[in-house]
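Reading through the structure tokens given below for one structure.
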Amino acid sequence: MKPGIPKGTRDFSSTEVAKRNYIFNTIRHSFENFGFQPIETPSFENSSTLMGKYGEEGDRLIFKILNSGDYLKKVDENLLADKDSQKVTSKISEKALRYDLTVPFARYVVQHQNEIIFPFKRYQIQPVWRADRPQKGRFREFYQCDADVVGSKSLWQEVEFVQLYDTVFSKLGLNDTTIKINNRKILSGIAEVIGASDKLIDFTVALDKLDKIGKDGVVKEMLEKGISAEAIEKVDPLFNFSGSNQDKLASLEDMLQGSEEGLQGVADLRTVVDNVESIGLASASLELDVTLARGLNYYTGAIYEVAAPEGVKMGSIGGGGRYDDLTGIFGLKDVSGVGISFGLDRIYLVMEELGLFEAVELPKPKVLFLNFDENESLDKIKAIKTLRQNNIKSEMYPDVASSNNQQKKQWKYATNREIEFVVTTVENGTLVVKNMSTGEQTTCSLDELINKVQ
RNA sequence: GUGAUUGUAGCUCAGCUGGUUAGAGCGCCGGAUUGUGGUUCCGGAGGUCGCCGGUUCGAACCCGGUCUUUCACCCCA
């Protein structure tokens, strides 16, 4: 049997794990610094919790878990004969793997509403699964790092999330990211003004592709979706939107005079943009992007998306927004939420491409004791015990060398693992230590070694 | 889901238009030399050429299917 793992999944070497942990820790630290507290939810949920929350496309991408037991026996024979996969699936699968962290969080909030202190600021760092076809920066198992606030409609939270994005990416050394921001109310307003409110989703999905397929492509897709040419004519300025965030807000305000909702969106965005400008960002830039729509249907207010630094070809490395009624589906009305997500795996790829992992300490020992003489082994192990008590990673080569070649193998082991210090002999409290990078060999006491290494 | 693309020793890859026992480098194992490594040399193990089927006297090489890789679309982190 040949070893292998399922499509779209990965093994991680210890070097990779160290780098990933570096990102995890940076994000976790910032989340807590901003006042968020952790929760975790199960890897799989009841299908009814997940299905129908991500649109038709989303349902298709949810990994379904087969019922245990003799699951076919309970299914009606006629249903099986019809070969309607969707209907049969709902009969033989009642659980599914987590598709994102937001919906399980909404479920959590409703289920634990009596224990939660609102406004509730939670963060969650866990893997999610999607039955997508893998490609660059896209996997079937990947980590999301989410921070959300529920129970507050304050725009200050939306300002804070821009700060949070900036903080994390700056700390990671991932400078010059672009935090794109938009507001669903503006999109609704535009649709209203042009008389295409009933086609809001089609309209936004098409508009979202502007930077990818250009004006002609977007117009073509809108026409195909049944949006009239006259309507498209009215939003023409959107296709050549430029200038500062303030310029954009001003021209949006003009365009949306007929829509109360649209004007509210402009006002909201202006509040966020003004305040972020006043507070300042460390390394990211905030860009108002009217074409930003994102596919998820549940966003109702602010929409965020983070683009990698220019020149790095990668989909968005973060996204989020406000959803006014996510918990409504589970029976808790009038709880507004807003949140953002970091895509760990894509951040990793971008950082790797930019060579930003130099500072990450790899999990390897600082001192290696060679094992050439059985009589010295015990003294070496005792010395190692002291080193470890001083927080110096150290180890002894496990097998005693019984030949020249085996000694050579131990040296090679030290070289390959890039271990800095090698101790060859320990005699009467005196150690012979070799600095592997300089080749310099010295004799010293254990205390002197500890000083040298620290 | 649509359209391409990839698959040969542990790793990176050769293998001419199908022709007898499929190769290299690195790595690994054993040994020699270097006082104690990153040098050099000798020897060795290791492959159902992704899998299944077809064409052919004969296939790693041609055809079909399937899985896998990578990429684009869709969608998204």
Side-chain angles (χ1 to χ4, degrees), chain A residues 1-10 13 23 27 54-62 85-86 98-102 124-146 165 201 204-206 208-209 212-213 217 221 292-297 299 303-308 313-321 339-350 368-373 397 401-425 432-442:
Chain A
M1 149 118 201
K2 274 198 176 174
I5 55 176
K7 162 178 12 184
T9 65
R10 296 149 298 158
S13 69
I23 303 175
I27 292 174
Y54 309 101
E56 211 178 305
E57 183 74 10
D59 281 357
R60 190 169 63 77
L61 296 177
I62 292 173
S85 299
Q86 230 172 342
R98 180 168 60 212
Y99 176 87
D100 74 352
L101 300 178
T102 307
Q124 196 169 346
I125 298 176
Q126 291 191 274
V128 301
W129 295 269
R130 297 184 186 177
D132 218 340
R133 280 175 77 165
Q135 54 180 279
K136 186 172 187 187
R138 171 187 286 182
F139 310 98
R140 302 183 104 177
E141 176 182 62
F142 61 97
Y143 267 82
Q144 288 193 330
C145 314
D146 278 27
Y165 267 138
I201 301 283
T204 55
V205 167
D208 194 41
K209 294 178 190 163
K212 213 170 199 172
I213 59 179
E221 181 162 335
L292 179 60
R294 300 181 52 75
L296 292 180
N297 308 322
Y299 292 123
I303 304 172
Y304 304 101
E305 186 166 298
V306 184
K313 220 171 148 241
M314 180 63 65
S316 59
I317 55 178
I340 58 171
S341 179
F342 290 82
L344 174 109
D345 303 81
R346 286 184 180 178
I347 292 171
Y348 180 99
L349 290 174
V350 171
L368 174 75
F369 285 66
L370 299 184
N371 197 355
F372 290 171
D373 184 350
Y397 194 88
S402 58
S403 74
N404 256 5
N405 247 38
Q406 290 190 352
Q407 290 191 0
K408 177 171 178 165
K409 198 173 159 186
Q410 296 194 17
W411 283 106
K412 218 166 182 182
Y413 177 82
T415 305
N416 288 343
R417 290 197 67 191
E418 297 175 310
I419 293 169
E420 229 176 311
F421 296 96
V422 170
V423 176
T424 53
T425 58
V432 178
V433 183
K434 182 158 186 174
N435 180 323
M436 293 296 277
S437 42
T438 64
E440 176 196 17
Q441 188 163 302
T442 53

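Note on naming: letters A, B, ... go to the chains in the order of the sequence lines (proteins, then strands), and numbering restarts at 1 for each one. Quick caveat: nothing in here was measured; it's all calculated off a predicted structure.
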Suppose you measure atom [atom1] in [N] against the same atom in [M]; what distance do you get, rounded to whole Å?
{"N": "rA9(B)", "M": "rC13(B)", "atom1": "C1'", "answer": "11 Å"}
{"N": "rU70(B)", "M": "rU12(B)", "atom1": "P", "answer": "12 Å"}
{"N": "rU48(B)", "M": "rG23(B)", "atom1": "P", "answer": "15 Å"}
{"N": "rA14(B)", "M": "rU66(B)", "atom1": "C1'", "answer": "28 Å"}
{"N": "rC49(B)", "M": "rG53(B)", "atom1": "P", "answer": "13 Å"}
{"N": "rA4(B)", "M": "rC76(B)", "atom1": "P", "answer": "25 Å"}
{"N": "rU6(B)", "M": "rG15(B)", "atom1": "P", "answer": "14 Å"}
{"N": "rG7(B)", "M": "rA32(B)", "atom1": "C1'", "answer": "40 Å"}

Partners meeting side chain to side chain contact (heavy atoms under 4.5 Å, CB included) with [X] (sequence neighbours left out):
{"X": "S437(A)", "result": "N435(A)"}
{"X": "K136(A)", "result": "K313(A), M314(A), E353(A)"}
{"X": "R60(A)", "result": "E57(A)"}

Side-chain donor or acceptor of [X] under 3.5 Å from a matching atom on the base of [N]?
{"X": "R138(A)", "N": "rC75(B)", "result": "yes"}
{"X": "R346(A)", "N": "rC76(B)", "result": "yes"}
{"X": "R133(A)", "N": "rU69(B)", "result": "no"}

Q) Of all the nucleotides listed (rU69(B), rA77(B), rG1(B)), which has the minimum atom distance to the side chain of R60(A)? A) rG1(B)
Does a nitrogen or oxygen in the side chain of [X] sit under 4.0 Å from OP1 or OP2 of [N]?
{"X": "K136(A)", "N": "rC71(B)", "result": "no"}
{"X": "K212(A)", "N": "rA72(B)", "result": "no"}
{"X": "Q135(A)", "N": "rU70(B)", "result": "no"}

Q) Heavy atoms under 4.0 Å, any strand shown: does G58(A) hit a base, just sugar-phosphate, or nothing? A) nothing
What residues, two or more places apart in sequence or in another chain, satisfy side chain to side chain donor-acceptor pair (under 3.5 Å) together with [X]?
{"X": "Q144(A)", "value": "none"}
{"X": "Q410(A)", "value": "none"}
{"X": "T442(A)", "value": "K452(A)"}

Q. For RNA chain B, which ranges pair as stems of 3 or more consecutive Watson-Crick or G-U pairs, with both donor-acceptor distances under 3.5 Å?
A. B:1-4 with B:70-73, B:10-13 with B:23-26, B:28-32 with B:40-44, B:50-54 with B:62-66
(Q) I'd like to compare against my own output: the B/S/- annotation of nucleotides 28-39 of chain B with a strict under-4.0 Å heavy-atom distance to protein. (A) -S-BB---BBBB
Round to the nearest Å and state the distance from [X] atom [atom1] to [N] atom [atom2].
{"X": "D208(A)", "N": "rA77(B)", "atom1": "CG", "atom2": "P", "answer": "11 Å"}
{"X": "K313(A)", "N": "rU70(B)", "atom1": "NZ", "atom2": "C1'", "answer": "12 Å"}
{"X": "D132(A)", "N": "rU2(B)", "atom1": "CG", "atom2": "P", "answer": "13 Å"}
{"X": "F142(A)", "N": "rC75(B)", "atom1": "CZ", "atom2": "C1'", "answer": "11 Å"}
{"X": "K7(A)", "N": "rC71(B)", "atom1": "NZ", "atom2": "C1'", "answer": "14 Å"}
{"X": "L292(A)", "N": "rC76(B)", "atom1": "CG", "atom2": "C1'", "answer": "13 Å"}
{"X": "I213(A)", "N": "rA72(B)", "atom1": "CD1", "atom2": "C1'", "answer": "14 Å"}
{"X": "R140(A)", "N": "rA77(B)", "atom1": "CZ", "atom2": "P", "answer": "17 Å"}

Q) Do the non-hydrogen side-chain atoms of Q126(A) and L101(A) ever get within less than 4.5 Å of each other? A) yes
Q: Evaluate the side-chain proximity of D345(A) to R10(A): yes if any heavy-atom separation is below 4.5 Å, no if none is.
A: yes
Q) Which atom pair, heavy atoms only, marks the closest approach of Y54(A) to I62(A)? A) CD1-CD1, 4.0 Å
Q. Considering residues at least two apart in sequence or located in another chain, which fulfil the ring-ring contact (aromatic ring centres under 6.0 Å, His included) criterion with Y143(A)?
A. F24(A)
Q. Backbone N or O of L61(A) within a donor-acceptor pair of the R130(A) side chain at under 3.5 Å?
A. no
